[in-house]
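These notes are about the structure you will find just below.
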Amino acid sequence: MQDISSQPPHRPRVGIIGTGFMGGVHARSARLAGARIVGVAGTRIERARQHGFGRPFASADELIESGEIDVVHICTPNNLHAPLTLKALAAGLAVICEKPLATDVETAVLMAARAAEAGLVATVPFVYRFHAMAREARQRVARGDAGRVVLVQGSYLQDWLLRPEDDNWRVDPEIGGASRVFADIGSHWCDLAEFVTGDRITEVSAQTAVVQQARAGNGPVLTEDLVTVQFRTRGGALGSVTTSQVSPGRKNRLFLEVSGTEESIAFDQEQPERLWIGRRDGARLLVRDPETLSPAAVPYSPLPAGHPQGYYDCFDAFVAESYAALRGEQRDGLPTFEDGVRAARICAAVLDSARTGEWTPC
Ligand code: SOE
């Protein structure tokens with residue numbers, strides 16, 4: 001008899017659109033999750049060949065309409081997320097679309113509505129949710145270990161756009177959208193903060209700044225390098241977050257600290273193997289260990305303690321769970337288009353608040 005236990009239960013036929021950094025990350029995770037990567041469309045097809053993305057298609061439309069795929073991963077610049085997603089949903093495909101889902105709220109809402117009407121799986125890679133220690137932090141809050149959450153704060157800092165010669169399509173609002181740093185990484189921070197606390201940001205007061213007024217000879221720069229936000233939550237907590245793509249030496253430093261009436265919990269994406277737990281009578285580091293983690297975190301901790309996990313593991317778990325949803329399985333905490341809409345609403349409120357100087361609901 002054939003041993004089917006080692007076979008993935010279903011091998012989705014996958015297309016990848018976009019051949020940049022994220023296209024490579026998606027393709028790798030798709031392969032590991034047992035998908036058959038049928039084809040790829042994008043501007044750097046040679047790179048795609050080297051990375052084993054599958055057969056090159058002449059265009060994204062051709063790949064979407066090929067009839068050869070079940071799910072498409074959209075890893076293009078932001079302005080293409082909406083048109084490609086809407087085409088893919090109309091063709092009956094499940095969609096995994098990079099964030100920001102859309103560059104405005106109305107379009108994000110439309111995308112989520114189309115996915116819901118069609119009954120298709122539609123997810124967005126808010127992947128930091130898949131760190132075992134982020135799940136552990138969430139569990140501690142849900143279980144009441146932290147007490148009542150009163151303060152949520154942190155930052156997400158990078159430096160890859162520090163210099164005037166640093167440039168990228170994200171700088172151009174026609175391609176990246178009106179917001180740059182907040183849509184790109186502030187969205188991750190807010191998603192993680194809401195995920196860990198189970199609370200909602202309800203109101204923001206924001207400031208934005210452009211540090212490099214011209215980049216790579218082009219100018220003037222219209223998208224923000226820095227954003228600071230103060231916020232209030234539905235649960236009555238206060239909060240603040242600082243986001244930057246011009247902080248020297250900070251590469252991808254997402255830091256989130258939640259203070260409750262009993263304990264504080266701090267998570268640092270660059271040190272994802274541990275949580276800092278602070279109490280009035282002392283503080284300690286909780287180290288990732290599947291033997292001691294709460295049941296909600298164990299599935300995201302496949303390696304034994306002392307064998308560091310990281311970003312790829314998060315991405316692998318996110319893609320595997322998106323495919324599990326294709327099989328009709330429900331997983332707690334899978335980020336969907338509704339979460340993409342949520343991020344778009346917060347981002348729009350942040351830009352509005354920065355423009356008007358007013359507290360703005362979201
Ligand atoms: C660039 O800022 C970037 O690659 C983001 O686009 C990702 O979402 C984030 O995970 C890391 O930084």
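All values reported here derive from a predicted model rather than from experimental measurement. One-based numbering, in listed order, for ligands and for the atoms of each.
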> Any side-chain donor-acceptor pair under 3.5 Å between Glu358 and Ser353?
Replying inline: no
>> Taking ring pair (Phe, Tyr, Trp, His ring centres under 6.0 Å) as the definition, give me every residue that meets it alongside Tyr128, ordered by chain and number, with sequence neighbours left out.
In response: His188
> If you round to the nearest 0.5 Å, how far is CD1 of Ile17 from CD1 of Ile96?
Replying inline: 12.0 Å
> Has the side chain of Thr233 got a donor or acceptor atom that lies under 3.5 Å from a matching backbone atom of Gly236?
Replying inline: yes
> Applying a heavy-atom distance cut-off of 4.0 Å, which protein residues contact ligand 1?
Replying inline: Phe21, Lys99, Tyr128, Tyr156, Gln158, Trp160, Arg170, Asp184, Ile185, His188, Gln245, Asn252
> Mind checking what makes ring pair (Phe, Tyr, Trp, His ring centres under 6.0 Å) contact with Tyr311, not counting sequence neighbours?
Replying inline: Phe315
> In chain order, what residues pass the ring pair (Phe, Tyr, Trp, His ring centres under 6.0 Å) check against His81, with sequence neighbours excluded?
Replying inline: none
